[in-house]
There are 4 protein chains.
Amino acid sequence: MGSTPRRGDTRQRIQDVALELFAERGYEKTSLREIAEHLEVTKAALYYHFKTKEDIVLSLFQDLGRPLDELIVWGEQQPRTLETKLELLRRYSAALDIGEPLMRFMQENQATVRELSIGQIFKNRMFAMSALIRDPEAPMVDQVRSVTALFSMHARMFALQAIEGNAEDKRKAVLEVALDLVKQAHASSAHG
Amino acid sequence: MGSTPRRGDTRQRIQDVALELFAERGYEKTSLREIAEHLEVTKAALYYHFKTKEDIVLSLFQDLGRPLDELIVWGEQQPRTLETKLELLRRYSAALDIGEPLMRFMQENQATVRELSIGQIFKNRMFAMSALIRDPEAPMVDQVRSVTALFSMHARMFALQAIEGNAEDKRKAVLEVALDLVKQAHASSAHG
Amino acid sequence: MGSTPRRGDTRQRIQDVALELFAERGYEKTSLREIAEHLEVTKAALYYHFKTKEDIVLSLFQDLGRPLDELIVWGEQQPRTLETKLELLRRYSAALDIGEPLMRFMQENQATVRELSIGQIFKNRMFAMSALIRDPEAPMVDQVRSVTALFSMHARMFALQAIEGNAEDKRKAVLEVALDLVKQAHASSAHG
Amino acid sequence: MGSTPRRGDTRQRIQDVALELFAERGYEKTSLREIAEHLEVTKAALYYHFKTKEDIVLSLFQDLGRPLDELIVWGEQQPRTLETKLELLRRYSAALDIGEPLMRFMQENQATVRELSIGQIFKNRMFAMSALIRDPEAPMVDQVRSVTALFSMHARMFALQAIEGNAEDKRKAVLEVALDLVKQAHASSAHG
DNA sequence: CATGAATGAGTCTTCATTCAT
DNA sequence: CATGAATGAAGACTCATTCAT
């Protein structure tokens, strides 16, 4: 019917459009007017579904961040073995795929995120992930290796654009490098 | 003293304050009013020295980005050996130290930077660095290793906060990991 | 009463006040703040109804200029006789009465109008009117007579202030002079 | 010598550029910065020669308006004959040629001029001219004819653009029509 | 569920003007 | 004669937010 008014899913649609625009043009530069226009509703309609602009981000963070939270919970229940760490990386890679726009938004709007109420939550998550992957007793080089493994997986969103090849191949290569880094960290620490 | 009007250095002082605030609170959220107030001048004074707000960023980018440009020029004149790549990383590490606030700003305001006129220049710089460090003929995993080496050095600005230890030690550890990654990339490709 | 918030007519009221002020004090010297204050609303309210300041002028031009456009359409459908021309002048005189403030604004802010997007439209209108009233084959003196007939009718807005007498008498006199000019142009051309 | 610094004629050059820009883009929209840039001097330099922006206009008005003032003085000393009126028109036509940019400026920035201190002076001049050309005892139609004669000569600056032909021919035609109008006014009044 | 209308605070930017040098 | 540096006031415009309907 062309402009059939979707009922009930407006909240979802707001989130979709908002995330897309936030990731693409930045949180501050994306106005509620733009979001409303993309959805062909009025700004006031947004306020029926969300209390504030920040609230939209918050909801995105909560909804899309769940996989990561679950991953952390899972990780904390596993034995601290090498295999656990490798599996954590594999699952993290998969989680990044799904939550890519959110991650891109976080990555590209760090300064903004820090001021938002989610800032701390986000930081905590990252610390938790980092705590699962590295061994605080290990030599610093090995800890750096582990954190780099984690961090490097974010690189595929932009730093790897220079490299030719399809996205799936890159994803695999990045994961391989990350797994390698953790293995090296583990091996080295085991010797010490 | 106190409110002595410094002569001639106003432009410099604007740049200093602007960079600090842009890096800390983000480009969009930093208003010219704030910058002016920090300097105890009027907004209009800023416009005497810079045509627009973007112009301030541009000037920062040009002034502080020079070391990086010089590094790229240097790199392009060297033979494409492993040792060159290692030296590039070492110098890159040093350059990051000096241009740290700028880099932090770039890192944390990517969405903004992309829309600014410096966006493309910045991207080109990164591509140029990446082209110097990786071998486009090498297997993808090795290319990823090289780019990760580069990229990981940015991590020390925030991802490594979780790790205990002083900044200098971290800097060294990060560099070591990066050098290692490039060596691995090189060794593996040499075999292939 | 008093500060009763009139509903629905705000747009109209903005146009009224704006036209009055633009005509009186000039477009550039009339700020949106002034318009808003006259209406006892905020500047932002103006922006709810009009996208830009220029947009207000544009809307005035479109709404109040319609009689003139219709007159041109009418003229283009008539035979090119003397009587048509005389009737055109009579109707033009009447149209000027109605759209007087707009015409005064146009007349007094020509430099501004030229830079606005309406400039060209305005010019086209005037050319169209002029094309209806003069005969491009006629001797130049007669063409000038015809255009002068048209143009002189604008004079009553200011050049005739020096003459004593009431407005209605002046209007008639101006029309008579204009009709005369066109008759002369016609007679002379007919002989040649 | 390329950028030879003209000495002593800066004041004159400011007037020239200012008039040109005022006439072209309007008084309000022409900033002192623009004028200064056109002259390749600083804004502050303008203030050495003129106390204010309005002062520039004032000086233009005084310097370039002199021919008109002299014409008025001349007219007031002549007998009030038809021939005097015709000569007034001829001289007025010539004066318009010389002071054309100023006249264009006046014509196109009426709203602005009215607010400036020259407004009244300008009005007085026009009244004086009008008083010389028309007979306050004559029937209104004839007074209108006379004033139209005067007023119509301004038309050549824009209303006559539609007519093909070179500027000099138009000038002559306009003058002829104007002379005619005054003759008619005179003849008619003489009969009454 | 959603809109129309409006607000208050704030944005970047421009301007005419000043004055010590 | 002229400039470099600065100011105070104001400009147009945008934004997140509110609320009666």
Side-chain angles (χ1 to χ4, degrees), chain A residues 5-11 27-36 39-56, chain B residues 5-11 14 28-36 39-56, chain C residues 5-11 14 28-36 39-56, chain D residues 5-11 27-36 39-56:
Chain A
R6 302 111 175 139
R7 280 205 219 91
D9 63 344
T10 303
R11 193 190 145 92
Y27 175 78
E28 325 273 0
K29 293 200 54 160
T30 302
S31 68
L32 294 186
R33 178 173 55 70
E34 276 176 289
I35 297 177
L39 290 167
E40 295 182 270
V41 295
T42 56
K43 268 184 294 176
L46 304 184
Y47 279 87
Y48 179 81
H49 295 279
F50 298 94
K51 264 210 325 269
T52 65
K53 187 183 182 187
E54 186 171 344
D55 222 47
I56 300 180
Chain B
R6 301 115 176 135
R7 279 203 220 91
D9 62 343
T10 304
R11 192 190 145 93
I14 293 172
E28 326 273 1
K29 294 202 52 158
T30 304
S31 70
L32 295 185
R33 179 175 53 73
E34 276 175 290
I35 297 177
L39 290 166
E40 295 184 90
V41 294
T42 57
K43 267 180 295 170
L46 304 185
Y47 279 90
Y48 178 77
H49 294 280
F50 298 94
K51 270 212 311 275
T52 65
K53 186 183 182 185
E54 184 171 346
D55 219 49
I56 300 181
Chain C
R6 300 114 175 139
R7 280 200 221 93
D9 64 342
T10 305
R11 194 190 143 92
I14 293 172
E28 326 272 0
K29 294 202 52 159
T30 304
S31 71
L32 294 186
R33 179 175 52 71
E34 277 175 290
I35 297 177
L39 291 167
E40 295 183 271
V41 296
T42 58
K43 268 182 294 171
L46 305 185
Y47 279 91
Y48 177 79
H49 294 280
F50 298 94
K51 271 211 313 274
T52 65
K53 187 183 181 186
E54 184 171 345
D55 219 48
I56 300 181
Chain D
R6 303 111 173 139
R7 280 204 219 92
D9 63 344
T10 303
R11 192 190 143 92
Y27 175 78
E28 326 274 359
K29 293 200 54 159
T30 303
S31 69
L32 294 186
R33 179 173 54 71
E34 275 176 291
I35 296 176
L39 291 165
E40 296 183 86
V41 296
T42 56
K43 266 183 297 173
L46 304 183
Y47 279 87
Y48 179 81
H49 295 279
F50 297 94
K51 266 211 322 273
T52 66
K53 187 184 182 186
E54 187 171 343
D55 221 47
I56 300 181

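All chains are named by letter (A, B, ...) in the order of the sequence lines, taking the proteins before the strands, and each is independently numbered beginning at 1.
- Contact detail for B:Ile14 and B:Phe50: the closest heavy-atom pair is CG2-CE1, 3.6 Å.
- Between A:Glu54 atom CD and F:dT17 atom P there is a gap of 9 Å when expressed in whole angstrom units.
- A straight line from CD1 of C:Ile14 to P of E:dA6 spans 8 Å, rounded to a whole angstrom.
- In this structure, NZ of A:Lys51 is placed 15 Å from C1' of F:dA16, rounded to the nearest angstrom.
- For A:His49, a side-chain nitrogen or oxygen approaches OP1 or OP2 of E:dA2 to under 4.0 Å.
- Rounding to whole angstrom units, CD of residue C:Glu40 and C1' of E:dA6 are separated by 15 Å.
- Of all heavy-atom pairs spanning A:Thr30 and A:Lys53, the tightest one is O-NZ, 2.9 Å.
- One interatomic measurement links the two molecules: CG of C:Leu46 to P of E:dA5, which rounds to 14 Å at whole-angstrom precision.
- A search for salt bridge (Lys or Arg N to Asp or Glu O under 4.0 Å) contacts involving C:Lys29 returns D:Glu115, not counting sequence neighbours.
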Sort me out a list of protein N/O and nucleotides 8-12 of chain E N/O pairs below 3.5 Å, or just none if empty.
unit_1: E:dT11; atom_1: OP1; unit_2: B:Ser31; atom_2: OG; d: 3.1
unit_1: E:dT11; atom_1: OP1; unit_2: B:Arg33; atom_2: NH2; d: 3.4
unit_1: E:dT11; atom_1: OP2; unit_2: B:Arg33; atom_2: NE; d: 2.9
unit_1: E:dT11; atom_1: OP2; unit_2: B:Arg33; atom_2: NH2; d: 3.3
unit_1: E:dC12; atom_1: OP1; unit_2: B:Lys53; atom_2: NZ; d: 3.0
unit_1: E:dC12; atom_1: OP2; unit_2: B:Leu32; atom_2: N; d: 3.1

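- One atom, CZ of C:Phe50, and another, P of E:dA5, lie 12 Å apart when rounded to the nearest Å.
- B:Ile56 has its side chain within reach of B:Leu32: a pair of non-hydrogen atoms, C-beta onward, lies under 4.5 Å apart.
- The interatomic distance linking A:Asp9 (CG) with E:dC1 (P) rounds to 10 Å, in whole Å.
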Kindly express the pairing pattern of DNA chain F in dot-bracket notation, using | wherever a base pairs with another strand and counting only Watson-Crick or G-U pairs under 3.5 Å. .||||||||||||||||||||
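- Atom NZ of B:Lys43 is separated from atom OG of B:Ser31 by 8.0 Å, given to the nearest 0.5 angstrom.
- Put simply, A:Tyr48 has no side-chain N or O that comes within less than 4.0 Å of OP1 or OP2 on E:dA2.
- At whole-Å resolution of the value, CZ in B:Arg11 and P in F:dG4 are 14 Å apart.
- Contact of the C:Leu46 side chain with the C:Leu39 side chain is registered, since non-hydrogen atoms from C-beta on lie closer than 4.5 Å.
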